[in-house]
Amino acid sequence: MSELENLIQTLCPDGVEYKTVGEICETITDYVAAGSFADLRKNVVYRKDPNFAQLVRTTDLKCGFEKKDFVYVDEKAYNFLWRVNLNKECVILPNIGNCGEIYYVIPEKLPYKRNVLAPNAILVRSDTTNNKYLCYIFQSQSFQEQLQKITSPTGQTKFNKTDLKKLKIPVPPIEVQREIVRILDNFTELTAELTAELTAELTARKKQYEYYRDKLLAEQSENTKYVKLGDIATITRGGNFQKKDFCADGVPCIHYGQIYTRFGLYTNEPITYISEAIAQKSKKAAKNDIVMAVTSENIEDVCKCVAWLGDSDIAVSGHTAIIHHNQNAKYLSYYFHTQMFFEQKKKYAHGTKVIEVTPSKLADIIIPLPPLDEQQRTADILDKFHSLVTDISQGIPAEIEARKKQYEYYRDKLLTFKPITLDLQ
């Protein structure tokens with residue numbers, strides 16, 4: 001018999017009492033508990049530079065404080081917001097927006113000395129129940145199902161403190177709570193370690209592939225010529241249809257956003273379609289053309305491309321360049337993903353919030369161009385390596401997801417108790 005089973009058999013053999021959150025938590029409050037919004041505006045001023053205390057947002061908790069765009073408040077605001085002071089361990093529940101997320105907060109692990117909770121979240125704290133146990137309970141499927149029932153599904157999702165206080169959870173003896181926390185903490189740590197190892201393995205394989213790809217394309221034969229892209233291709237802008245123009249059936253199309261999120265290096269299958277009427281007004285790519293996204297939010301992604309290998313023409317949206325050529329399409333697509341190409345495109349990229357490379361500028365990009373048979377041989381080699389990395393890229397996330405589900409199943413099983421039966425006679 002395990003220690004947990006022994007504790008349950010000894011301390012609560014007849015079952016566990018279920019109580020409401022309001023019954024067991026002494027503190028259930030939020031940012032606006034101090035008074036009216038007028039009082040808040042008068043007493044609380046946000047500051048970007050480090051000041052008396054940090055205003056801790058759920059976005060800070062979610063990213064582990066890795067992002068540095070923090071918000072601070074002065075001593076007056078800190079004292080005014082005393083009800084949401086994060087000076088003791090507690091559980092934080094976003095109640096507007098990301099409802100269902102749960103965060104366990106330990107003051108000593110926060111990056112700033114003094115901290116208060118930001119808006120759109122509820123602080124929950126108990127003096128009689130293990131707060132880490134509360135965190136695990138709030139994450140459980142049974143509690144999440146209750147939370148969903150009190151969450152407004154229209155507009156921005158939200159729930160209120162009053163309804164939260166009414167939700168019921170199992171409250172075993174404190175010794176049982178501590179043992180469950182110990183078990184789940186260990187399981188959480190093991191799962192995190194495995195996830196880190198698998199993620200590191202995936203990163204290493206991707207870097208190995210990128211190194212090999214760049215090396216293979218850099219070490220060309222004596223038959224290789226270095227030419228401008230404009231000398232071997234015609235480069236035109238894409239069309240102007242939008243996502244709202246997608247339909248269930250019709251003419252196949254490529255939207256520039258899909259190049260970042262849905263397509264790989266090459267494809268012969270469309271993902272979406274547009275009507276014949278809209279297609280007639282659109283630009284099209286022919287078989288073996290390269291479709292390149294020339295607008296992005298960052299320099300790394302701009303000019304990502306996909307080679308279209310389908311037999312029929314395909315409509316192409318705006319923010320793209322269509323590169324029509326008579327070379328090996330896969331070879332060119334592989335080259336357009338190398339560090340060599342990256343260093344060149346940086347020279348032509350412009351913009352701050354939105355990064356763009358003008359299609360006409362692409363004509364000046366220098367490309368190593370071996371004979372077609374060598375291009376095919378290089379593409380075949382890289383296809384095999386790319387296929388291997390793709391299999392790993394799909395397999396490792398699937399393994400991580402399986403471990404996550406295993407953890408969730410185990411956690412929910414540990415947190416499921418027989419309700420105590422009260423003898424009313």
Ring centres of Y112 and F70 under 6.0 Å apart?
-> no
So, do I314 and P270 sit near enough that their side-chain heavy atoms are less than 4.5 Å apart?
-> yes
Please examine the side chains of P370 and N223, heavy atoms only from C-beta on, and report whether any two atoms are closer than 4.5 Å.
-> no
Kindly write out the residues that satisfy salt bridge (charged side-chain N to carboxylate O under 4.0 Å, His left out) with K228, not counting sequence neighbours, or none if the list is empty.
-> D364
Should we count NZ of K168 as having more than 12 external heavy atoms under 6.0 Å?
-> no
So do the side chains of F138 and L147 get within less than 4.5 Å of each other, counting heavy atoms only?
-> no
Short side-chain to backbone donor-acceptor contact, Q144 and G100, under 3.5 Å | yes
From K165 NZ over to E23 CD, what is the distance, rounded to the nearest 0.5 angstrom?
-> 12.0 Å
Could you tell me how the ring of F187 sits relative to the ring of Y410: parallel (under 30°), tilted (30 to 60°) or perpendicular (over 60°)?
-> perpendicular
Indicate yes or no for a side-chain donor-acceptor contact from D30 to the backbone of A121 under 3.5 Å, with no hydrogens or angles considered.
-> no
Got a sec, which residues hit salt bridge (charged side-chain N to carboxylate O under 4.0 Å, His left out) with E222, two or more places apart in sequence or on another chain?
-> none
All pairs passing salt bridge (charged side-chain N to carboxylate O under 4.0 Å, His left out) where residues 48-63 contributes a residue, at least two apart | R57-D60, R57-D69, K62-E101
K345 side chain to V302 backbone, donor-acceptor under 3.5 Å = yes
When P170 is tested against each of L415, V16, T416 for side chain to side chain contact (heavy atoms under 4.5 Å, CB included), which residue passes?
-> V16
Exactly one candidate in I102, I24, V181 meets side chain to side chain contact (heavy atoms under 4.5 Å, CB included) with L134; the answer is I24
Does K283 have any side chain to side chain donor-acceptor pair (under 3.5 Å) partners at least two apart in sequence or in another chain, and if so, which?
-> none
Any Lys/Arg nitrogen of K149 or E145 sitting under 4.0 Å from an Asp/Glu carboxylate oxygen of the other?
-> no
Set of residues satisfying side-chain contact (heavy atoms from CB on, under 4.5 Å) with respect to K158, sequence neighbours excluded = I96, S152
Report the residue from L93, N120, I150, T151 that forms a side chain to side chain contact (heavy atoms under 4.5 Å, CB included) with C99.
-> T151
N85 meets the side chain to side chain donor-acceptor pair (under 3.5 Å) criterion, sequence neighbours left out, with Y78
Do R114 and F52 meet the cation-pi criteria used here (NZ or CZ under 6.0 Å from the six-membered ring centre, within 45° of the axis)?
-> yes
List for me each residue that meets side chain to side chain donor-acceptor pair (under 3.5 Å) alongside T224, sequence neighbours excluded, and say none if there are none.
-> Q220
Solution key, residues 380-396 side-chain donor-acceptor pairs under 3.5 Å, sequence neighbours excluded:
{"from": "D380", "atom 1": "OD1", "to": "Q376", "atom 2": "NE2", "distance (Å)": "2.9"}
{"from": "D383", "atom 1": "OD1", "to": "Y266", "atom 2": "OH", "distance (Å)": "2.8"}
{"from": "D383", "atom 1": "OD1", "to": "Y334", "atom 2": "OH", "distance (Å)": "2.6"}
{"from": "D383", "atom 1": "OD2", "to": "K330", "atom 2": "NZ", "distance (Å)": "2.9"}
{"from": "T390", "atom 1": "OG1", "to": "H386", "atom 2": "O", "distance (Å)": "2.7"}
{"from": "S393", "atom 1": "OG", "to": "V389", "atom 2": "O", "distance (Å)": "2.8"}

Sequence neighbours excluded, the answer for ring pair (Phe, Tyr, Trp, His ring centres under 6.0 Å) partners of H337 is none
With sequence neighbours left out, write down each residue that passes ring pair (Phe, Tyr, Trp, His ring centres under 6.0 Å) with F336, or none if nothing qualifies.
-> F341
Any donor-acceptor pair under 3.5 Å linking the side chain of N186 with the backbone of I183?
-> no
Side-chain donor-acceptor contact under 3.5 Å, N51 with Y46 | no
Measure the spacing between CD of E300 and NZ of K346 and express it to the nearest 0.5 Å.
-> 9.0 Å
Using the test side chain to side chain donor-acceptor pair (under 3.5 Å), find all partners of Q344 that sit at least two apart in sequence or belong to another chain.
-> Y335
Any sub-3.5 Å donor-acceptor pair from N328's side-chain atoms to Q375's backbone N or O?
-> no
Judged by atom type as modelled, is there a donor-acceptor pair below 3.5 Å linking the side chain of Q177 to the main-chain atoms of N130?
-> yes
Which residues satisfy the salt bridge (charged side-chain N to carboxylate O under 4.0 Å, His left out) test with E89, sequence neighbours excluded?
-> none
Determine, stepwise, if the pair K206 / E210 fulfils salt bridge (charged side-chain N to carboxylate O under 4.0 Å, His left out).
-> CA-CA 6 Å; K206 285 182 176 179; E210 292 168 359; over 6 Å; no
Under the 3.5 angstrom rule, does the side chain of E356 hit a backbone N or O of A349 as a donor-acceptor pair?
-> no
Ignoring hydrogens and geometry, is there a side-chain-to-backbone donor-acceptor pair from S333 to A329 under 3.5 Å?
-> no
Less than 4.5 Å apart, any side-chain heavy atom of Y331 and any of L217?
-> yes
